[in-house]
Protein chains: 2
Amino acid sequence: MTALEILKQHEIKKTPARMAMINVLLDNKYPMSEMDIKERMAYLYDRVTFYRNVQTLASAGIIHKIVADNTTVCYALNICDHAHNHTAEYAHFFCEACHAVICMNQIKIPPYKLPNGYKFVDCDIIIKGTCEKCNL
Amino acid sequence: MTALEILKQHEIKKTPARMAMINVLLDNKYPMSEMDIKERMAYLYDRVTFYRNVQTLASAGIIHKIVADNTTVCYALNICDHAHNHTAEYAHFFCEACHAVICMNQIKIPPYKLPNGYKFVDCDIIIKGTCEKCNL
DNA sequence: ATACAAATGAAACAGTGTTGCAAAGATAAT
DNA sequence: ATTATCTTTGCAACACTGTTTCATTTGTAT
């Protein structure tokens, strides 16, 4: 999937800022922070445009936001090799040592039973600890 | 449990700022944001002191931080009516309409199996939706 | 009462996310 | 091709969150 194909498939207009953003995310396997993305977008980067496109791409289902911690927010493409099911959701791992955010494909979000009157929309699971590399 | 008893039990020095903070949390059942707490602490409030005491009280196990969303962070006492087990952890519900953060005692965090090499420390589950009151 | 360590408050700063507005770019119709 | 329209962009300005530094104050044990 190229950035252009992704945009066309979701009927979102192709703009340089969006193309650059998606391409940066395509080039990296792991979820990236605003800073990570900014560093790789160079002159095409404007913070307001970035946040507006985060909104646009997220509500189109192209990317999702991962809040690992209130000071660590990452963005990742919704392309999962292992499933085409866009509604399936997964836990994320946050390494407290290197601050990497990693998608835990193995850990799916179960169907929680909320008390009467509550409506479920979404669920985020953040598992904190130390990652493979940091445990060596 | 009074604020003083809580501090003594954890061998944390009694100071006006800490007493006020714990008392505000004792008076409210639901997790509170910095703003919520500030509004109820009046002249005793200084932001730096607040954040330092969040650290102190959290690492002593008196309070815990709940990151409902990157722009919604709440703090709550670790007093659970239903259990003395401090290591047990629960999911939290975040109402997208009124932004209330509610402890879901019913939903415990299961023992997730991480891939080899990963070390588990902690886990946060945030369930998003709309609450009782907002669904009326 | 004193002495020492811990806690506080103020100023300054960095990062994140938003709003308003004018300019630029894309789209469609004539 | 030209105009009209709508979307997107980029900039300035702002609000909020969280941290660092440092001088001063306070708590507590003796």
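None of the values given here were measured: they were computed from a predicted structure. By convention in this document, chain letters (A, B, ...) are assigned in the order of the sequence lines, proteins followed by strands, and residues within each chain are numbered from 1.
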**Q** The side chain of A/Thr49 lies closest to which of these nucleotides: C/dT8, C/dG9, D/dG10?
**A** D/dG10

**Q** Roughly how many Å is it from OH in B/Tyr45 to C1' in C/dA10, rounded to a whole number?
**A** 14 Å

**Q** Could you tell me whether A/Lys128 atom NZ has more than 12 heavy atoms of other residues or ligands within 6.0 Å of it?
**A** yes

**Q** Tell me the interatomic distance from B/Glu39, atom CD, to D/dC16, atom P, rounded to whole angstroms.
**A** 11 Å

**Q** When the aromatic ring centroids of A/His64 and A/Tyr75 are compared, is their separation below 6.0 Å?
**A** no

**Q** Which whole-number value in Å describes the distance from B/Asp36 CG to D/dT17 P?
**A** 10 Å

**Q** Rounded to whole Å, please give me the gap between CE in A/Met19 and C1' in D/dT8.
**A** 16 Å

**Q** So if I define the base as every atom that isn't primed, P, OP1 or OP2, how would nucleotides 23-30 of chain D read as a B/S/- string at a heavy-atom cutoff under 4.0 Å?
**A** ----SS--

**Q** If you count heavy atoms of other groups shown closer than 6.0 angstrom to CD of A/Glu11, is the number above 12?
**A** no

**Q** Within the 4.0 Å limit for protein heavy atoms, which parts of nucleotides 12-18 of chain C are touched? Write it as a string from 5' to 3', B for base, S for sugar-phosphate only, - for none.
**A** ----BBB

**Q** With distance as the sole test, does A/Ser59 use its side chain to make a donor-acceptor pair with the main-chain N or O of A/Gln55 at under 3.5 Å?
**A** yes

**Q** Tell me if a side-chain donor or acceptor on B/Arg18 pairs with a main-chain N or O of B/Leu7 at a distance below 3.5 Å.
**A** no

**Q** Base, sugar-phosphate alone, or nothing: which one does B/Arg52 contact when heavy atoms must sit under 4.0 Å apart?
**A** base

**Q** If I take atom CG in residue A/Asp46 and atom C1' in nucleotide D/dT7, what distance separates them, rounded to the nearest angstrom?
**A** 16 Å

**Q** Taking A/Arg52's backbone N and O only, do any of them form a donor-acceptor pair with A/Thr56's side chain (distance below 3.5 Å, no angle check)?
**A** yes

**Q** If only side-chain N and O atoms count, and only distance matters, is there a donor-acceptor pair under 3.5 Å linking B/Gln106 with A/Tyr112?
**A** no

**Q** For A/Lys65, is there an ion pair with B/Asp69 - N to carboxylate O distance below 4.0 angstrom?
**A** yes

